[in-house]
Amino acid sequence: MPVIKRIVYLFLFTFLSLSLHAEETTDTGSKEKQYYIVEIILFEHLNEEGKNDEFWSRPEVFNTDSMNHIDISPSDKQLTDDSPALAEYNINHRSFRPLTNGIAELSKENYKLSDSAGHLRYSKNYKLLAHFGWTQRALSKNRSLPIRLTTNQFASNLIPKGELKLYVSRYLHLQVDLNAAQCTITEQTPDPDNSINSTECVKQNYLFKQNRKMRSRELHYLDNPIFGLLVYITPFKA
């Protein structure tokens, strides 16, 4: 009798395991056939206290003579990275460029967060950096490609660049991998043998890295001391 019980228990355990696996496969498979509209608002906190947090990377010092020769045009290596991406969005030019089939820019008349963007645009505490959106198919983490954010400025303006990646793993996830650099010009002690004072650029890097589980039709807020993201995802039937 105990042997029969063990066989029954083993059968039930195997059946439940296969059922759960089938359910997970079906759920993931159905979501991979789903398209989503993703709307993003990226903004900067104007509170200077966050920039002194110990989280940020160590400053690097550059001579401004070499900084003047850095190419920050659209031909910059960051903008021509060979790594695959769904699309590129240039924050400075507010231009969206699809790079693969099946990706489309969200038109402004279909924005859901226009009121939020308006409040940020006229706020004294925040600076609106970007408001854009796109439509894409939801794929697994290994198959999904990111949206690449680019910028053609490196100066006093603190504008992040990097990647935003939407993928599905039982739930929707948004992976944020952004960084920004700010250059502060400082004067050095004059050289007696040189009539021109030398200057330095102290480069401070700021990172914004998060991986957040998402639900569609819910407004999500991702934050760090420097930047913030508002994210709204809507299911879309092609």
| query | Just wondering, are more than 12 heavy atoms of other shown residues or ligands nearer than 6.0 Å to OH in Y122? | reply |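 It does not: Y122 OH has 12 such atoms or fewer within range.
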Are side-chain heavy atoms of [X] and [Y] found at a separation under 4.5 Å?
X: N179; Y: N205; answer: no
X: L166; Y: V38; answer: yes
X: R217; Y: P235; answer: yes
X: E44; Y: Y126; answer: no
X: L145; Y: T100; answer: yes

Hey, what do you get for [atom1] ([X]) to [atom2] ([Y]), rounding to the nearest 0.5 Å?
X: Y206; Y: I226; atom1: OH; atom2: CD1; answer: 5.5 Å
X: N90; Y: K161; atom1: CG; atom2: NZ; answer: 11.0 Å
X: T135; Y: E39; atom1: OG1; atom2: CD; answer: 10.5 Å
X: S123; Y: N125; atom1: OG; atom2: CG; answer: 4.5 Å
X: L139; Y: K165; atom1: CG; atom2: NZ; answer: 10.0 Å
X: E105; Y: S95; atom1: CD; atom2: OG; answer: 8.5 Å

Could you tabulate the donor-acceptor pairs under 3.5 Å formed by side-chain atoms of residues 109-121, not counting sequence neighbours?
{"unit_1": "E109", "atom_1": "OE2", "unit_2": "S107", "atom_2": "OG", "d": "3.4"}
{"unit_1": "N110", "atom_1": "ND2", "unit_2": "S107", "atom_2": "OG", "d": "2.8"}
{"unit_1": "Y111", "atom_1": "OH", "unit_2": "H131", "atom_2": "O", "d": "3.3"}

Just to verify, what does [X] make a side chain to side chain contact (heavy atoms under 4.5 Å, CB included) with, not counting sequence neighbours?
X: A87; answer: F96, I103, I147
X: N211; answer: K141, Y167, H173, Q175
X: L222; answer: V176, F208, Q210, R212, M214, H220, L229, V231

Which atom pair, heavy atoms only, marks the closest approach of [X] to [Y]?
X: Y171; Y: R215; result: CE2-NH2, 4.2 Å
X: Q136; Y: L86; result: OE1-CD1, 3.6 Å
X: L178; Y: P160; result: CB-CB, 4.2 Å

| field | Results of ring pair (Phe, Tyr, Trp, His ring centres under 6.0 Å) for F132 - residues two or more places apart only | value |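 So F132 forms a ring pair (Phe, Tyr, Trp, His ring centres under 6.0 Å) with Y89, W134.
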| Test salt bridge (Lys or Arg N to Asp or Glu O under 4.0 Å) applied to D223 - qualifying residues, sequence neighbours left out |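 Counting only residues at least two positions away or on another chain, D223 forms no salt bridge (Lys or Arg N to Asp or Glu O under 4.0 Å).
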Under 4.5 Å between side-chain heavy atoms, hopping through other hydrophobics if needed: is there a path connecting [X] to [Y]?
X: L42; Y: Y221; answer: no
X: F43; Y: L106; answer: no
X: L164; Y: I41; answer: no
X: L129; Y: L174; answer: yes

| field | Set of residues satisfying side-chain hydrogen bond (donor to acceptor under 3.5 Å, both in side chains) with respect to Y232, sequence neighbours excluded | value |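 Partners of Y232 by the side-chain hydrogen bond (donor to acceptor under 3.5 Å, both in side chains) criterion come out as none, since no residue qualifies.
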| task | Kindly give the cluster partners of L99, where membership spreads through any ILVMFWY side chain lying under 4.5 Å from a current member. | result |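 Besides L99, the cluster holds no residue at all.
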| query | Hey, are N92 and T151 close enough side-chain-wise for a donor-acceptor pair under 3.5 Å? | reply |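 Present: a donor and an acceptor within the cut-off.
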| query | Is there a donor in the side chain of R148 and an acceptor in the side chain of S83, or the other way round, less than 3.5 Å apart? | reply |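 Yes, a side-chain donor-acceptor pair sits under 3.5 Å.
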| So, for Y36 and F236, is the gap between ring centers shorter than 6.0 Å? |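 That pair fails the under 6.0 Å test.
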